[in-house]
Amino acid sequence: MTDAAGRRELPKTYDPQAVEGPTYQRWLEMGAFRADAASQRPHFSIALPPPNVTGSLHIGHALDHTFQDYLARMHRMRGHEVLWLPGMDHAGIATQNVVERELAKQGKTRFDLGREAFVERVWAWKAESGGRILGQMQRLGDSVDWSRERFTMDEGLSRAVREVFVSLYEQGLLYRGQRIINWCPRCLTALSDIEVEHEEVPGELAYLRYPLADGSGALVVATSRAETMLGDTGVAVHPDDPRYRDMIGRTVRLPLVDREIPVVADAAVDREFGTGAVKVTPAHDPNDYEIAQRHGLEAVNILTEEAVVNANGGRFEGLDRYAAREAVEQALAAEGLLEKVTEAPHAVGHCYRCKTEVEPRLSLQWFVATKPLAAEAMEAVRSGQTRFEPARYARTFFTWMEGIRDWCVSRQLWWGHRIPAWYCPNGHVTVARQDPSACAECGATELRQDDDVLDTWFSSGLWPFSTLGWPDDTEDLRAFYPTSVLVTGYDIIFFWVARMMMFGCHFQPAAPFRVVAIHGMVRDAQGKKMSKSFGNVIDPLELMDRYGTDALRFALIRGANPGSDVPLATEWVEGARNFANKLWNLGRFVLSSVPEGTKPEDLPAADQRSLSDRWLLSRLERTRAAVTAAYDAYDPAEAARLLHSFAWSELADWAVELAKPRLAAGGEDARRAGAVLAYALDVTMRLLHPVMPFVTEELGRATACAGSPAWRRSRSGPHRSAVARPPRCWPPVPSCTCRWRA
Ligand SMILES: [Zn+2]
Ligand SMILES: [Zn+2]
């Protein structure tokens, strides 16, 4: 809509729905987010933490993405060559579960289909239902370079995974070994330590009496899992415990199973626990496994993969672990060997995917020897190559890294990167970059590939460089690695940041990021965690429908104090919508009331400015400096607060009121007042653009043909502030040749 003078006329109210979709499309069409690796401008890059292919946009993503988007847009406006690279994670267990649930509806399991057909099925699911989140990211305004979208299972990334696996193996940093791992009896897979959620549950402590083999008495051991006594191969006491000194070296007769097992002394025994004598079940407890290693005790596995008692459990075979617990206690009680059972709540590990109680299980798995890798990653942080923002999160990182244990990377799943190891009939292992046709050691040709796949975090740990084309030496890799900043919540410092640091430092010349900017979790207005069970979950898509994307983004960013949790209430999003409307009205007023031909860059000379002009310009400059400093300090909350206060009270209320009589009077003074107002509006829109891209773009388009895209392609080199230049013409003139005029 244009008026007689050719000016665009703005509708009376801001209608986000009418503006956002077309605006985003226009950005895509003009290639506004596409990065050019050959560009001579300073490079700025971010690798988007890849959302799960199963995921849809939740409020945590909305915060995380808005945070990254403000950085990407701000750097583009400064004339930097910006790459914000998007993509998705194949999310091993999560995705496999989704497809398994679909199969279950038809009464089938993955085993009915077989591996190949099942994996095909998952790909089909991905093509059809996966990746919904990508469209939702567009609604949020993410200025990512879609031409570089990657997937952790695509061909290039799979090659990177293979290269890293084989290299680590060759370097002796990856091995196969018997270990007690966390096992989910429902998902039928190993889980890493951090995939296990510990939760206090009501439990019991059963005191079991084990008679000494020579009939001279008995030992009492306490356990929360009586059924595991079927797999006991020893009893341990502390070497300095006077109560048991003369028991050491003797043997007890294990009830129900009738096996003679030794009493050993081990300093790891906690004298305060139970009776001070503990049963040793090496196959079902990591601490017991270590004790057994030290004393040469056998490991007897009594459970199947589904956590049902196996043949080693004698007459209890076929009972699941909970039923077996009861049955064992009853049987012991019948023989007078159950001293007592007390209530004892304790922390139990649960599968983070399906919440099933995790079972420690002795099995043959692949491990990454993390200690040397962690040392390199810690050095990168210590030397300042990578900096945490806020700095206190470096401590979290160090604590985790110092205590790191070898990482179990094999998963008994079908969806994921299959482990590139082959076994021959003579027991040799061949680990290779190319599928081998014969055993590397004996030449045998009957090879069987390892059935397992790699932990999802193995491939996402390579994300900052695998997405840029590594292992090839690509232009993208040289231009955009290391990335400038990683933005993420504090909850995945362990899961993800630590792994990317380890792999990046080990396989690349530099650590993967210069800065790790940590934000908090989005919570409700009372600071409570959002969860379905509390009924306080806020759906970002619904909020965008109701109040517009800018409102949601502004409300989130305004609450995002560095590193702290982010409270959010629907009313605050509503308030941010009102702010967008306020800006709209401000823009409409300026557009309709400044004299025709007014340009923001026609600021009156210093001695021609009125008192109110000087006041406004001085407030504007202070705001610009403070906002830019806050943006640069990864504190967009402060920037948002300053901008809200300036735009609302000083610019829209005071400055407009002060200018009204001058504009109404006409003449030279009206021109001067108009130019100052237009200039202040323009600068404010630019400062707000990184957080509220849609409304500012629309106002910018209406009021100046050099709207935001021109900020993106500033030709005058890097700027100290985000908004150093005024637009080229005001209002848009038909003869303008600005290439970004839409
Ligand atoms: Zn599970
Ligand atoms: Zn062989």
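Order of appearance sets the numbers: ligands from 1, and atoms from 1 within every ligand.
A donor-acceptor contact shorter than 3.5 Å links the side chain of Asp565 to the backbone of Met521. Side chain of Thr223 to backbone of Ala206: no donor-acceptor contact under 3.5 angstrom is found.
When each of Trp457, Phe165, Phe458, Phe465 is tested with Phe503 by the rule ring-ring contact (aromatic ring centres under 6.0 Å, His included), just one qualifies, namely Phe458.
At the Zn ion (ligand 2), the angle from SG in Cys424 to SG in Cys439 is 110° when rounded to 10°. For Cys187 atom SG and Cys184 atom SG, the angle they make at the Zn ion (ligand 1) is roughly 110°, to 10 degrees.
Closest N/O/S atom of His428 to the Zn ion (ligand 2): ND1.
In this structure, Arg499 forms a cation-pi arrangement with Trp407, its terminal cationic atom sitting closer than 6.0 Å to the ring centre and no more than 45° off the ring axis.
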